[in-house]
Amino acid sequence: MASIINRRQLLRSSALAGISAFLYPWEAAASGLSIITAPTLPNVSDLIRLGSNENPYGPSQSALDAMQATFSVASRYPWASHAPLIDALAKKHGVTQDHIVLCAGSNEGLRATAAVYGGPGQEIIAAQPTYLALMVYAEQFSTYIHYVPLDKDLQHDLEEMAKRITKRTSLVFICNPNNPTGSLLSAKKIQSFCNAISDQTIVFSDEAYYDYIKDKEYPSMVELVKQGKNVIVSRTFSKVYGLAGVRAGYLIARPDIASRIKGAIMANMSALATAAALASIRDQAFYKFSLQKNEQAVQRLEKIFDEMKLEYLPSHANFVFVKTGKDIRMLNQEMKAEGVLVGRPFPPFNDWCRVSTGSLEELNAFETTFRKVMKS
Ligand SMILES: Cc1ncc(COP(=O)(O)O)c(C=O)c1O
């Protein structure tokens, strides 16, 4: 009883001092203070979201349950909860725990890498277009970026990228499958490129879409990390596991490299995200379901584009890059006006559009709107 009275007094004094406090309903009734209700976030599903390569089926029930079970420890820092996830990821990839760097979304791993390997006098080589985060951060750290256009097949021009290496090159960035094209380099090409280049500088292999590759023998560059090469691999829980809003990702790198990057991580994985990630890697049923749904959605998009006689690239990810022939800025606006979001411009491919794989219902709505807008 005494503790309730004390809490009431504390709440009353904080309210009088203008400090907002959460009140249990019975406390509010007794104190005459108002209840702060749980905030409601804007409903992100008012629009059909096919612009950010999210997974409409996530989070899995097991991830939701795991997060809920973690609510009661959310007042504690998450460090202790990281250990089982690091252990599970190390086992999954056949590396030691010291190879794993957890971060609040792989973007944070990209930023921390840019902080370590960027800076005045340093140069980074990347394809154009590709996923830009690492380069955008590196530019903020005064790094010079060499952008190498994709080749005529809209693949990374690995030969040209290799030619650009100088003694100032601190990192070569490869996104495979690439975003926004969804293209995959041949296993032989990527292996021999990363093998050779990592003798000269750091190779960063962004494998956000690795799970969507259908060839189960396709090599991850984690194989080179295991051989002690200068290779960093990034993975995310945002795509196949459907946890984009939870923010969970990680890097795999040789322990000395991992340790330097850990020192630059600011956005650590929260306890809720850690629990969701751990539940997700154990949930094979959801993983398979997610891949199956994605495959159906890719086929649905391809059917629409085939019927409309539009050129598109074979996708190894959760989106399809299609040549609409229409200015993407205009298309973005017209689709949004009808409630459908599609991918942003990826210069110089200004008459192409990246469409994410939504649910089949979302794709029905996409088709109606897209056909209408393409006629206008
Ligand atoms: C290639 C690539 N890497 C990284 C990310 C960022 O993912 P995360 O949500 O883990 O920060 C994305 C997001 O779309 C991406 O396309």
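Values below: all heavy atoms of this structure, side chains included; hydrogens, waters and symmetry mates excluded. Positions are given from 1, in the same order as the sequence printed here. Order of appearance sets the numbers: ligands from 1, and atoms from 1 within every ligand.
Below 3.5 Å of separation, one finds no N or O of Asn53 facing any N or O of ligand 1. Some N or O of Asn179 is nearer than 3.5 Å to an N or O of ligand 1, by distance alone.
Heavy-atom distances between Ala208 and ligand 1 reach below 4.0 Å in at least one pair. The closest approach between a heavy atom of Ala244 and any atom of ligand 1 is not below 4.0 Å.
Taking every non-hydrogen atom of Cys175 and a distance limit under 4.0 Å, the qualifying atoms of ligand 1 come out as 1 (C). Against a heavy-atom cut-off of under 4.0 Å, Gly105 is close to the following atoms of ligand 1: 10 (O), 11 (O).
For atom 7 (O) of ligand 1, the nearest non-hydrogen atom of the protein is Ser106 OG, 3.2 Å. Looking only at protein heavy atoms, the nearest one to atom 3 (N) of ligand 1 is Asp206 OD2, 2.7 Å. Atom 13 (C) of ligand 1 has as its closest protein heavy atom Lys239 NZ, 3.2 Å. Of the protein's heavy atoms, Tyr131 OH, 3.4 Å lies nearest to atom 6 (C) of ligand 1.
Taking a cutoff of 4.0 Å between a charged side-chain nitrogen and a carboxylate oxygen, Glu108 and Arg247 do not qualify as a salt bridge. Taking 4.0 Å as the cut-off between side-chain N and carboxylate O, Glu307 and Arg371 count as a salt-bridged pair.
Side-chain contact, Asp283 with Tyr241: no donor N or O sits under 3.5 Å from an acceptor N or O. A side-chain donor-acceptor contact under 3.5 Å links Glu295 and Gln299.
Contacts with ligand 1 closer than 4.0 Å are made by side-chain heavy atoms of Tyr209 only, the backbone lying farther away. Residue-level proximity to ligand 1 for Arg247 is carried by the side chain, the only part with a heavy atom below 4.0 angstrom. Contacts between Ser238 and ligand 1, counted as non-hydrogen atom pairs separated by less than 4.0 Å, involve the side chain only.
Judged by the 6.0 Å and 45° rule, Arg354 forms no cation-pi pair with Phe349.
Each of Ser290, Ser359, Ser356 was compared with Asn55 under the side chain to side chain donor-acceptor pair (under 3.5 Å) criterion, and only Ser290 meets it.
At a threshold of 4.5 Å between non-hydrogen side-chain atoms, the residues Arg164 and Val148 count as touching.
The aromatic rings of Tyr57 and Phe289 stand perpendicular to each other, their planes meeting at an angle above 60°, with 30° marking the opposite boundary.
Within the 3.5 Å criterion, the main-chain N or O of Val240 finds a donor-acceptor partner in the side chain of Tyr212.
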